[in-house]
Protein chains: 2
Amino acid sequence: MSKPYQKFKFVAAATDVVIFSLRGEALNVLLIKMKKKPYQGKWALPGGMVKISESVEKAARRHLQAKTGVSDIFLEQLYAFGGEKRDPYGRVLSVAYYALLPYDKSLMLKTTAEYADVRWWPVAKLPALAYDHAEILKTGVKRLRSKLGYTNIVYSLLPRQFTLSELQKVYEIILDQEIDKRNFRKKVGSLGLVKTTGKKRRGEANRPAALFEFTSRSLAVVNIL
Amino acid sequence: MSKPYQKFKFVAAATDVVIFSLRGEALNVLLIKMKKKPYQGKWALPGGMVKISESVEKAARRHLQAKTGVSDIFLEQLYAFGGEKRDPYGRVLSVAYYALLPYDKSLMLKTTAEYADVRWWPVAKLPALAYDHAEILKTGVKRLRSKLGYTNIVYSLLPRQFTLSELQKVYEIILDQEIDKRNFRKKVGSLGLVKTTGKKRRGEANRPAALFEFTSRSLAVVNIL
DNA sequence: ATACTTAGTGTAATATATACACATAGTATT
DNA sequence: AATACTATGTGTATATATTACACTAAGTAT
């Protein structure tokens, strides 16, 4: 039987991953510095081609793991970027994903033959980016902000245990707006987002804060803000 | 310069379009009946390959136009379906879109050499579908329901002018739940979603209803429900 | 013992959402 | 001409959710 698709020239499929984490009181994203032309010296999102025998999501996880060493973190499809001129090498469709990393996890960032450098960048102060990665990143930030408001996604950005002030801070940093402490706690409590652990964070030079954990660590629709 | 992507076997890119419209007081979707094996007799979403020189969205519009004759209707990316076994012919990644068609527009549905039949199906009573199209469709219905609640997307399902009862009916049908008439009108009014035209719908065997139109016909975030 | 800093808590005012019933303006029928 | 019929169009009271706002508590550091 003839394979009908082969009468077309193929459009190739790749994936890029926007890896978010809070670092130093700011929303950061992991970028790699490119060694090769035409984007030599420019920074780019981790990513690469999708192999013929793996699903697109699996490819995203593979590239994520290759650059960061982590697996088993929040990963969700962001958008497929399919413009016909987005890659100067050839026709590549990229399915972008975004990943969220708790701020207590540090990474084994490793340079490779292909990449000169890997590091966190605050999304408010980005360097020049390769390809259409500025657009992908912007889409990712928008999605993250939006999902923060109507899901419990925040669990994937915090350590296992955390104080309510820390939780509030995460919202404040990402949404870039102050939140009233009492109203925030009232809301979080009434939604059943968190549960007490009985433990306290000690060793700080002030009143110790109670430690909480999330009642659920899987994505759920919850109107928080 | 060597093209690095060519050392991989390519994953090909296609697109499928979920075309929604209200027909006979139900949410319907346009499906085509397949002539060829291995899905002979099964129904499928309109779609096909992405050409090497066109963007993915343009490919979606092209396939939409080819099956329905319409252009210039609401079209938005739904999700990229990238499972490695979704197409028995070969490795095809499909970027699915969904389109919304006002219920006053009828289509010139045409069969082709490739397809035996084209018709509307109520989403509540679907036939057996080819590929992973049942999953794509389910994702589309979910997205439509969700977006109905927090955007003005409904404008793309109604005629240019409509009565408030008709508008309410659209929500009731798609969300499959009754809405209080007075509260609905209060909300729609206070959000400035619609404006009066001064005209009335005449010729019905009862009190004539005022005709409205949407204040905006481009997608905006508005909490309606 | 005192200063310092972050944690932790309640209430009143306002805004939003919900529940609910009858008069109105036409056409159709006699 | 009168009456029946049917979908349109409208307001108010109650419950719920959101907002604004200030002081005491529990530790560590001096």
Side-chain angles (χ1 to χ4, degrees), chain A residues 22 24-25 103 148-152 154 158-159 161-173 175-214 221-225, chain B residues 22 24-25 103-104 148-152 154 158-159 161-173 175-213 221-225:
Chain A
L22 293 163
E25 306 257 309
Y103 58 71
L148 215 52
Y150 72 91
T151 70
N152 64 346
V154 73
L158 284 153
Q161 301 199 335
F162 51 86
T163 70
L164 293 181
S165 298
E166 286 163 354
L167 178 60
Q168 182 178 339
K169 199 77 202 254
V170 171
Y171 284 98
E172 290 182 330
I173 289 169
L175 301 176
D176 192 30
Q177 61 172 37
E178 292 199 344
I179 300 171
D180 179 88
K181 181 161 58 159
R182 278 175 291 192
N183 294 342
F184 179 77
R185 286 165 185 232
K186 209 188 304 174
K187 197 65 189 278
V188 161
S190 73
L191 289 170
L193 189 67
V194 299
K195 59 185 180 201
T196 55
T197 61
K199 295 187 208 159
K200 298 207 167 182
R201 164 130 326 146
R202 307 204 160 266
E204 313 270 306
N206 41 42
R207 177 170 179 175
L211 286 168
F212 290 78
E213 39 188 53
F214 291 100
V221 173
V222 177
N223 283 305
I224 294 157
L225 306 176
Chain B
L22 293 163
E25 307 259 308
Y103 57 71
D104 62 329
L148 216 51
Y150 72 92
T151 70
N152 63 347
V154 72
L158 285 153
Q161 301 199 334
F162 50 87
T163 70
L164 293 180
S165 297
E166 286 164 353
L167 178 61
Q168 180 177 341
K169 200 76 202 254
V170 171
Y171 283 96
E172 290 181 331
I173 288 169
L175 302 176
D176 194 28
Q177 61 174 34
E178 291 199 348
I179 300 172
D180 179 87
K181 181 161 57 159
R182 278 175 292 190
N183 294 341
F184 178 77
R185 286 166 186 233
K186 211 187 305 176
K187 196 64 189 280
V188 161
S190 73
L191 289 169
L193 189 68
V194 298
K195 61 186 178 199
T196 55
T197 61
K199 295 188 209 162
K200 299 207 165 181
R201 165 132 324 150
R202 307 205 159 265
E204 314 271 304
N206 41 41
R207 179 171 177 174
L211 285 168
F212 290 79
E213 39 189 53
V221 172
V222 177
N223 282 305
I224 294 158
L225 305 176

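As the structure is a prediction and not an experimental result, all values here were calculated from the model.
- The nearest whole Å value for the distance from the CD atom in B/Glu178 to the C1' atom in C/dT18 is 15 Å.
- Between A/Lys181 atom NZ and C/dG10 atom C1' there is a gap of 14 Å when expressed in whole angstrom units.
- Residue side chain A/Arg202 does not reach the base of D/dA26 through any donor-acceptor N/O pair under 3.5 Å, judged by distance alone.
- Separating the CG atom of A/Leu164 from the C1' atom of C/dT6 is a distance of 13 Å, rounded to the nearest angstrom.
- Contact annotation: A/Ser165 does not reach the phosphate of C/dT6 (side-chain N/O to OP1 or OP2, under 4.0 Å).
- Between B/Ile224 and B/Tyr171, some side-chain heavy-atom pair lies under the 4.5 Å cut-off.
- To the nearest 0.5 Å, atom CD of residue B/Gln161 and atom CZ of residue B/Phe212 are 11.0 Å apart.
- B/Arg207 contributes no side-chain N or O that forms a donor-acceptor pair with the base of D/dA7 under 3.5 Å.
- Here the side chains of A/Asn152 and A/Phe214 are not in contact, with every heavy-atom distance at 4.5 Å or above.
- The interatomic distance linking A/Asp180 (CG) with C/dT11 (P) rounds to 16 Å, in whole Å.
- Residues from residues 183-199 of chain B placing a heavy atom under 4.0 Å of any atom in DNA chain C, listed by number, are B/Asn183, B/Lys186, B/Lys187.
- Taking atom CD of residue A/Glu204 and atom P of nucleotide C/dG8, one finds them 12 Å apart after rounding to whole Å.
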